[in-house]
2 protein chains.
Amino acid sequence: MTTRWLSPEEQRAWRAYMAATHLLEDAIDRQLQQDAGMPHLFYSVLANLSEAPERRLRMTDLAESLKITRSRLTYAVTRLERDGLVRREDCRWDKRSSIAVLTDEGMAALERTAPGHVETVRATLFDRLTPEQVRQLEEICTGIARGLQGGDAESGAEDVPWRRRSSCS
Amino acid sequence: MTTRWLSPEEQRAWRAYMAATHLLEDAIDRQLQQDAGMPHLFYSVLANLSEAPERRLRMTDLAESLKITRSRLTYAVTRLERDGLVRREDCRWDKRSSIAVLTDEGMAALERTAPGHVETVRATLFDRLTPEQVRQLEEICTGIARGLQGGDAESGAEDVPWRRRSSCS
DNA sequence: TAAGTTTGTTTCAAACTTGAACCAAGACTC
DNA sequence: GAGTCTTGGTTCAAGTTTGAAACAAACTTA
């Protein structure tokens with residue numbers, strides 16, 4: 001089959017997308033690194049745990065929720081554990097599982113860090129979007145994410161190479 | 001000043017955004033790694049060079065165009081040079097500069113790889129968006145990018161920490 | 001229930017990224 | 001025209017990510 005190249009509009013959108021995502025992630029990473037000494041991902045781990053019941057989550061569920069590989073999460077949690085912000089516990093029911101728990105110190109670190117982070121997200125992203133665009137962005141991103149996960153939906157869940165295997169359950 | 005937290009709509013958009021960008025970049029990286037043995041960034045270097053006049057670009061300009069740090073580019077070009085896909089040349093007018101040039105072999109690799117890449121970008125992104133959403137995405141991303149670069153524009157170019165120093169020109 | 005499969009997690013080496021430090025060449029200043 | 005600043009690029013060590021392999025605990029099934 002001959003390649004369906006991108007249309008000019010798609011080209012422009014794709015370039016803008018790559019530029020924006022690079023710049024945004026850079027800005028956020030830099031702010032967090034400076035003010036909290038941790039990359040964005042690590043912050044997200046803390047944030048995610050803080051919202052879970054009892055501030056605890058199984059490693060796999062946490063990885064799934066963050067859309068990252070298990071091995072990447074293992075690294076992050078190991079580091080956060082070393083810093084005392086997270087603790088690992090064994091799962092009582094399934095001895096294979098390990099549970100990441102946000103410590104009080106971790107919660108404190110999160111609370112200390114959150115305002116600056118949110119401020120950055122605002123300044124770099126939301127303050128530049130109209131409410132309508134916020135809706136559009138959510139709509140677009142939700143669609144993309146659904147397409148890339150277990151989002152079996154329409155086109156049938158073919159086993160294409162770019163689909164993460166261990167998606168959700 | 002008390003923190004302006006994210007509204008529920010913004011929260012949803014932010015989460016969807018992070019999920020989508022993670023999943024998308026993962027999918028694209030995986031496809032390129034499998035089919036071309038290089039990460040997305042390296043592909044972008046080749047693609048960018050291929051469109052430049054004479055297929056050559058100053059390192060700094062290339063970095064600027066890709067929105068990445070110079071040191072990251074140095075690494076990428078070094079690797080691509082080792083693989084024979086790119087070559088470095090000295091700049092005649094400014095002896096500090098070095099110019100990255102796409103070799104014929106690099107162009108061939110790009111042409112061989114592009115269809116699969118574009119197909120993935122389509123399948124994961126554009127095939128899931130309406131033409132209207134493509135426009136919206138471009139608009140949104142352009143705005144974000146403008147805000148984060150030399151895009152001095154409205155809010156005055158304060159020297160905020162999350163702004164990349166060596167922006168443009 | 002032993003053998004085989006799946007699931008949850010970690011480990012390890014190789015690859016990549018970061019940021020600060022460095023070096024050299026051009027530009028500016030007095 | 002020597003000192004100073006800026007720009008273009010690389011280097012280096014420390015940090016992070018990747019993917020495959022290893023392990024161990026469930027689960028399945030003959």
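Below, read A as the first sequence line, B as the second, and so on, with proteins coming before strands; counting in each chain starts at 1.
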With side chains defined as the heavy atoms from C-beta onward, is the minimum distance between A:R122 and B:L6 less than 4.5 Å? yes
How close or far is atom C1' of C:dA27 from atom CG of B:D94, stated in whole angstroms? 11 Å
Spacing of B:M38 atom CE relative to D:dT17 atom C1', expressed in whole Å: 19 Å
Checking all strands, does A:L41 fall into the base, sugar-phosphate, or nothing category for heavy-atom contacts under 4.0 angstrom? sugar-phosphate
Hey, is the side chain of A:R70 pairing donor to acceptor with the base of C:dT9 inside 3.5 Å? no
Grab the CG-C1' distance between B:D61 and D:dG8 for me, whole Å please. 10 Å
For C:dT17, does either OP1 or OP2 sit under 4.0 Å from a side-chain N or O belonging to B:T69? no
For a quick check of understanding: with a heavy-atom distance under 4.0 Å over all strands, which category does A:S71 fall into, base, sugar-phosphate or nothing? base
Give a yes/no answer on whether the side chain of A:R96 brings an N or O atom under 4.0 Å of OP1 or OP2 in C:dT6. no
Just N and O in the side chain of B:R79: are any of them under 4.0 Å from OP1 or OP2 of C:dA15? no
Using a distance-only test with no angle check, is there a side-chain donor-acceptor pair under 3.5 angstrom linking B:S7 and B:E9? yes
Send over the distance from A:L32 CG to D:dG15 P, rounded to a whole Å. 18 Å
Are side-chain N/O atoms of B:T78 and B:R88 paired as donor and acceptor at under 3.5 Å? yes
Tell me which of A:Q33 and A:W93 sits closer to the 5' end of DNA chain D, going by the nucleotide each one is nearest to. A:Q33
Mind calculating the distance between CZ (B:R72) and C1' (C:dT17) to the nearest angstrom? 7 Å
Starting at atom CZ of A:R30, determine the distance to atom C1' of D:dT16, rounded to an integer number of angstrom. 17 Å
Got a donor-acceptor pair under 3.5 Å from the side chain of B:S97 to the base of D:dG8? no
On the nucleotide C:dG8, are OP1 or OP2 found under 4.0 Å from the side-chain N or O atoms that A:R58 carries? yes
Relative to the 5' end of DNA chain C, which residue comes earlier, B:Y75 or A:D29, by the nucleotide with the nearest heavy atom? B:Y75
Atom-pair distance (CG on A:L66; C1' on D:dT17), nearest Å: 15 Å
Verify, without hydrogens or angle tests, whether B:R128 (side chain) and A:A145 (backbone) share a donor-acceptor contact under 3.5 angstrom. no
So does B:T74 reach the base of D:dG9 with its side chain, donor to acceptor, closer than 3.5 Å? no
Can B:Q11 and B:R15 be counted as having a side-chain donor-acceptor contact under 3.5 angstrom? yes
Please compare B:M59 and A:G37 by the position of their nearest nucleotide in DNA chain D and report the one closer to 5'. B:M59
What is the separation between atom CD1 on B:I28 and atom C1' on D:dT18, rounded to the nearest whole Å? 17 Å
